[in-house]
Amino acid sequence: MSTMSVHRTRFFRVPESGLRHQTARHVQRLAVSRAMKMDSESSIMEKAKELSGQFIAALPTPQIDTTKSSSNLRFNRLQQLDRELSRENIREFGQFVAREALLDEEYWTAARLRAEGHWEDRANDRYADNYKRKFTEQEFNAIKRRCRGQKGQKYMCIVTVKKEHSNVKRTILKSIVGTLDLSIWYLLHGETFPGERVRAPLFCRLSEAGPARYGYIGNLCVAKSARRQGIASSMMSFALESAKRTAGVEQVYVHVHRKNGPAQELYAKMGFKMVEEAAAQLVEEQTYLLCLQI
């Protein structure tokens, strides 16, 4: 019979007093370490806040252009006196006067009039008022940008206002009944009409002499309550006179939708003729390009 030796596991007994003292010292050491860590983190956070505050204070204060907001406009402002303007800068007809818009309130009213005309056929749309407000704000800012001008461009926002009377005081908001834009541009190198698709060199240049300079009329709009009184044609005549007088242009262009019969009739009466070369490339846009030699 064989025998097998088994090793018995031995347990060492630690004195309770020693364990008790070692545990207390260990706990105390942990507490001190944790306190030091918390103090270190606190000082780091305070330093970070201090640096952050110094950094923010050093940043330049952002300049917000509040002049572009319609909230600064005085909608109860009275119409300015047309007799204070030079005779060559206005065109009187019937009970109305066509002239250049000069005030922000006039720019905003012109933008609002364009919004009304743009959404005229969709008056039953539940969101029409929201769309018109947004369109008005965007167009108002666009008019102000265009008035500041760009290289190679001059711009004029023309409005028609009701004539002033000594016993009647009207606000700007209620006096403007028509508007259009007149821009003076230069043809790009190789163009024979605005927007022509030509193979231009990599670096195009503007030809600022001769027939390359032209006028462009856009955003023609008349209040619904003031139509059939010659306002559109009178504004167009004033715009043509201004283009000739101030810029010396010989050609004025305008785009018209192919289904807009009344507008086409108006332009034809004023002598505009279709630019046949542009008709093919404007098929997708459903517009015609018209030109008038002045």
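Quick caveat: nothing in here was measured; it's all calculated off a predicted structure.
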Considering all heavy atoms, the nearest [X]-[Y] contact:
{"X": "G178", "Y": "I231", "answer": "CA-CG2, 4.5 Å"}
{"X": "F93", "Y": "T160", "answer": "CZ-CG2, 3.7 Å"}
{"X": "P194", "Y": "L289", "answer": "O-CD2, 4.0 Å"}
{"X": "D181", "Y": "Y155", "answer": "OD1-OH, 2.6 Å"}

* **Pair R112-L173, side chain to side chain contact (heavy atoms under 4.5 Å, CB included): steps then yes or no** => CA-CA 9 Å; R112 178 65 181 180; L173 195 62; 5.7 Å; no
* For H257, which residues count as a ring-ring contact (aromatic ring centres under 6.0 Å, His included) partner, sequence neighbours excluded? ->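 For H257, no residue satisfies ring-ring contact (aromatic ring centres under 6.0 Å, His included) once neighbours in sequence are set aside.
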* Pairing residues for F193 by the ring-ring contact (aromatic ring centres under 6.0 Å, His included) criterion, not counting sequence neighbours ->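 ring-ring contact (aromatic ring centres under 6.0 Å, His included) check on F193 returns nothing, list empty.
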* Asked: Tell me, which pairs form a side-chain hydrogen bond (donor to acceptor under 3.5 Å, both in side chains) where one or both residues lie in residues 233-242, sequence neighbours left out?
  ->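 Those involving residues 233-242 are R91-E241.
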* Not counting sequence neighbours, which residues clear salt bridge (Lys or Arg N to Asp or Glu O under 4.0 Å) with R227? List them please. =>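 Residues passing salt bridge (Lys or Arg N to Asp or Glu O under 4.0 Å) with R227: E120.
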* To do: Quick one: list whatever passes salt bridge (Lys or Arg N to Asp or Glu O under 4.0 Å) with R77, sequence neighbours left out.
  =>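 Per chain and number, R77 pairs via salt bridge (Lys or Arg N to Asp or Glu O under 4.0 Å) with E105.
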* Among K224, R133, K132, salt bridge (charged side-chain N to carboxylate O under 4.0 Å, His left out) partner for E116 ->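 Going through the options one by one, the only one that passes is K132.
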* Step through it carefully: locate the ring centre of F135, locate the ring centre of W119, and say whether they are under 6.0 Å apart. =>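 No, ring centres 6.0 Å or more apart.
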* Asked: Is the Y288 to H255 ring centre distance short of 6.0 Å?
  ->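 That pair fails the under 6.0 Å test.
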* Asked: Should T287 and V256 be marked as a side chain to side chain contact (heavy atoms under 4.5 Å, CB included) after you check the CA-CA gap, both sets of side-chain angles, and the distance that decides it?
  -> CA-CA 5 Å; T287 59; V256 61; over 6 Å; no
* Asked: Among the clusters formed by ILVMFWY side chains lying less than 4.5 Å apart, do L113 and Y131 turn up in the same one?
  ->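 No, L113 and Y131 fall in different hydrophobic clusters.
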* Asked: How many angstroms lie between atom CD1 of I217 and atom CE of M235, to the nearest 0.5 angstrom?
  ->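 The CE atom of M235 is 10.0 Å from CD1 of I217, to the nearest 0.5 Å.
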* Between CD of E100 and CE of M156, what distance do you get to the nearest 0.5 Å? ->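 Going from the CD atom of E100 to the CE atom of M156 covers 4.5 Å.
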* Asked: Which pairs pass salt bridge (charged side-chain N to carboxylate O under 4.0 Å, His left out) with one or both residues in residues 264-289, sequence neighbours excluded?
  ->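 Found E265-K269.
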* **Trace of the side chain to side chain contact (heavy atoms under 4.5 Å, CB included) decision for F96 with K162** => CA-CA 5 Å; F96 306 98; K162 297 177 182 178; 4.1 Å; yes
* Asked: Do W108 and E106 come close enough that some side-chain heavy atom pair is under 4.5 Å?
  ->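 In short, these two side chains do not touch, never coming nearer than 4.5 Å.
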* Is it true that E92 and R99 make a salt bridge, defined as a side-chain N closer than 4.0 Å to a carboxylate O? ->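 Looking at R99 together with E92, the answer is no, because their closest N to O distance does not fall below 4.0 Å.
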* Asked: Do R114 and T179 have side-chain N/O donor and acceptor atoms under 3.5 Å apart?
  ->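 R114 vs T179: donor-acceptor pair found between side chains.
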* Asked: So E250 and Y214, side chain to side chain contact (heavy atoms under 4.5 Å, CB included) or not? Walk me through it.
  -> CA-CA 7 Å; E250 299 178 357; Y214 68 92; over 6 Å; no
